[in-house]
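Only this structure's heavy atoms are used, side chains among them; waters, hydrogens and symmetry mates stay out.
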Amino acid sequence: MRSTPMLRGMERARWIVVGTDFSDGAQRALEHAVLLARSSRARVAVVHAYEDTAETARAMEDRAPLLTTQLQDAVAGTNASRHGVHVESFLRRGAPWEKLQNVAVEVGADLIVVGATGQRGVDAVGAVL
């Protein structure tokens, strides 16, 4: 395990990034990330990324409000607040793998957690950056 760098006399915040497509597997991954964050005193960044096709763009011009609500519901389905785990939601438009990586870089993530089921993804519980 690497040592945590110090920034201006304060310890750098640790982050766990978890992707969600709102599937059962993604919810289990989020719950697992919250437990990991609790034991390591990390924060959790939950990310949902979506791609618009010409067909979905016509049918639903702005899905952001609905997806934001789904993200909030996913977080509420965990024990994060009860365990004192700080969770931030990130909604991005674009390729999910790319946006998950972007958020991980943005927050300086120590770990990415993904579910084993869903539309896309790696058959893994997590990957260390």
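Take Phe22 and apply the ring pair (Phe, Tyr, Trp, His ring centres under 6.0 Å) test, not counting sequence neighbours, and it matches His48. Remark: Glu88 pairs with His86 by the side chain to side chain donor-acceptor pair (under 3.5 Å) rule, at least two apart or across chains.
Atom OG of Ser40 and atom CG of Asp110 lie 8.0 Å apart (nearest 0.5 Å). A distance of 11.5 Å separates CG of Asp73 from CG of Leu67, quoted to the nearest 0.5 Å. One finds the NZ atom of Lys99 at 11.0 Å from the CG atom of Leu91 (value rounded to the nearest 0.5 Å). From Leu30, atom CG reaches atom CG of Leu71 across 9.5 Å, with rounding to the nearest 0.5 Å.
Nearest heavy atoms, Asp21 versus Ala26: OD1-CB, 3.4 Å. Pairing each heavy atom of Ala49 with each of Gly94, the nearest pair is CB-O, 3.8 Å. Heavy-atom minimum distance, Glu51 versus Pro96: OE1-CD, 3.7 Å. Between Val113 and Ala29, the shortest heavy-atom distance links the atoms CG1-O, 3.6 Å. Counting all heavy atoms, side chain and backbone alike, Trp15 lies closest to Val107 at CD1-O, 3.2 Å. Between Ile112 and Ala104 the shortest heavy-atom distance is CD1-CB, 3.9 Å.
Between Val103 and Arg92 the shortest side-chain heavy-atom distance falls below 4.5 Å. Counting only heavy atoms from C-beta outward, the side chains of Glu98 and Asn102 approach each other to under 4.5 Å.
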Cut-off 3.5 Å, no hydrogens considered: what does the side-chain donor-acceptor table look like for residues 77-84, sequence neighbours left out?
residue	atom	partner	partner atom	Å
Thr78	OG1	Val75	O	2.7
Thr78	OG1	Ala80	N	3.2
His83	ND1	Arg38	NE	3.4
His83	ND1	Arg38	NH1	3.2

(message) What verdict does the side chain to side chain contact (heavy atoms under 4.5 Å, CB included) test give for Leu35 and Glu31, after you've listed the backbone C-alpha separation in whole Å, the side-chain angles of each residue and the deciding distance to 0.1 Å?
(response) CA-CA 6 Å; Leu35 292 176; Glu31 292 166 3; 5.9 Å; no
